[in-house]
A.B. asks: 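Pasting in a structure now, in structure tokens, and then I'll have a few things to ask.
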Amino acid sequence: MAAEPAEAVETTSIALFKKYSLDDIATMTKLKSSTQRAIKRNVADEFPLLEPIVDDLLPKGDTQEAKGKGRVSFVVVRKTPIVFRQQHGPLFPTLRVLHAYPTMMQRVQVDKGAIKFILKGADVMCPGLTSAGGWLPEEDLPEHTAVAVYAEGKEHALAVGQLAMSVSEIRSATKGIGIRIIHYLNDGLWRIGDEFEL
Amino acid sequence: MAAAAAAAASPEEGPAVVALEVVYCGVCGMPTEYCEYGSTIDRCEAWRKANCPTEGGAAAAAASGAGDADDEEGGAEADEEADAKAEAEASEAAAAGATGKGAKKKVGEAKVVIQSKQVKGRKKWLTMVVGVELFDVKLKDLKKSLSSKFAASASITENAKGTKMVQVGGEVAEEAALFIVQEYGIPATRVFVLQGKKAVSAAKLEV
């Protein structure tokens, strides 16, 4: 962990969890209660919507931290990963958590054509967001914001990712990567599901 | 699911924090509306019909919500059948792919997959044998004979998916493959050794 230069807030790996399995998890430790409180506060700060239920989401005594390949750390509750972050990157919920609380994050929508590529772990290109089927928030979110990726005609999120440029830049750009996909349906982390233990 | 639809319409919906239940497909594991993007769409569709007829699947994504309460009579029988089928398929798939790596291989043909791997961070190897039970070999017998053959400890374990396998100490995948072919009469063409990402048939291993 040491000696590496501190990274920018961007989560680096592309399709970080494309191939991820329990073999890639290095350590899993029970957290002391003060750290658990800190994490809870973190989650509540990051996702204000979850604040009322953060005690249920991260019950005292059952919260563990796991670290794995790609310098990712996960917060795991009873074998279910809840949130994760990569080094200094933003905090992301796992998709199952996002499905349960769909309004917890800023959301964007891609058009139909983009779905199959995202489900293979590709990043979202700008046209997929600016075309008729896509949707971007009114507000100009800055680069690196964590977003939930929804799809045209679908009800549930299919990925979480991080803006590679600000929303206004995406609107004016005609090509290039708009969102870096971090975690998507049926990637390695998704498949681990609630069997997260060493 | 009406709540979710509402949420989709207006992302900044009110503060009621209730966990939403999402129906995940029993075959591909994704929310049912994404089944159409998986590789198992036919089986997904069958599963969906049997298990949750009210849920909008790939085909019915647009029509969901139209016929809600009427479809409750799907019946326990159909349910059970579908479950059994799904289970059978799942176990086959699991047996075919040792640790998920072989999963993309064709499902349905019985095969034995053997893989050696290093125990994390230590100079210790484990060899895993998956799928022998499809050839009527008792795991317990195999465990015993592998154990004595390699003078190493062996055990029967389950992976996260519930696939049973025999684990032997040592990096002995190739030897084990030949041994299994000889000892249990499993055709060499049906025994594979995973070397990194490649699966090598035992028939090509002959010393």
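It should be emphasised that the depicted structure is a prediction, and the values quoted were computed from it without experimental measurement. Every chain is numbered from 1 and lettered A, B, ... according to where its sequence line falls, protein lines coming before strand lines. All values below were derived from every heavy atom in this structure, side-chain atoms included, with hydrogens, water molecules and symmetry-related copies excluded.
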A.B. asks: Does any part of the side chain of Lys120(A), heavy atoms only, come nearer than 4.5 Å to the side chain of Tyr37(B), both counted from C-beta?
C.D. replies: no
A.B. asks: Under a 3.5 Å distance rule, please check whether Tyr34(B) uses its side chain to pair with a backbone N or O of His156(A) as donor and acceptor.
C.D. replies: yes
A.B. asks: Measure distances from Leu158(A) to the heavy atoms of chain B and classify the residue's part below 4.5 Å as side chain, backbone, both or neither.
C.D. replies: both
A.B. asks: Does any heavy atom of chain B fall under 4.5 Å from the side chain of Ala157(A), the backbone, both, or neither of them?
C.D. replies: backbone
A.B. asks: Taking the basic N atoms (NZ, or NE/NH1/NH2) and the acidic carboxylate oxygens, is any pair closer than 4.0 Å for Glu36(B) and Lys116(A)?
C.D. replies: no
A.B. asks: Any idea which of Gln109(A), Arg96(A), Met104(A) has the most non-hydrogen atom pairs under 4.5 angstrom with chain B?
C.D. replies: Arg96(A)
A.B. asks: Distance check, rounded to the nearest 0.5 Å: Cys25(B) atom SG versus Leu185(A) atom CG?
C.D. replies: 11.5 Å
A.B. asks: Are more than 12 heavy atoms, taken from residues, nucleotides or ligands other than Arg171(A), located less than 6.0 Å from that residue's CZ atom?
C.D. replies: yes
A.B. asks: What distance do Glu33(B) atom CD and Glu155(A) atom CD have between them, rounded to the nearest 0.5 Å?
C.D. replies: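 Separation between the atoms: 5.5 Å.
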A.B. asks: Quick one: are the ring centres of His99(A) and Tyr24(B) less than 6.0 Å apart?
C.D. replies: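 Close enough - the centres of the two rings lie under 6.0 Å apart.
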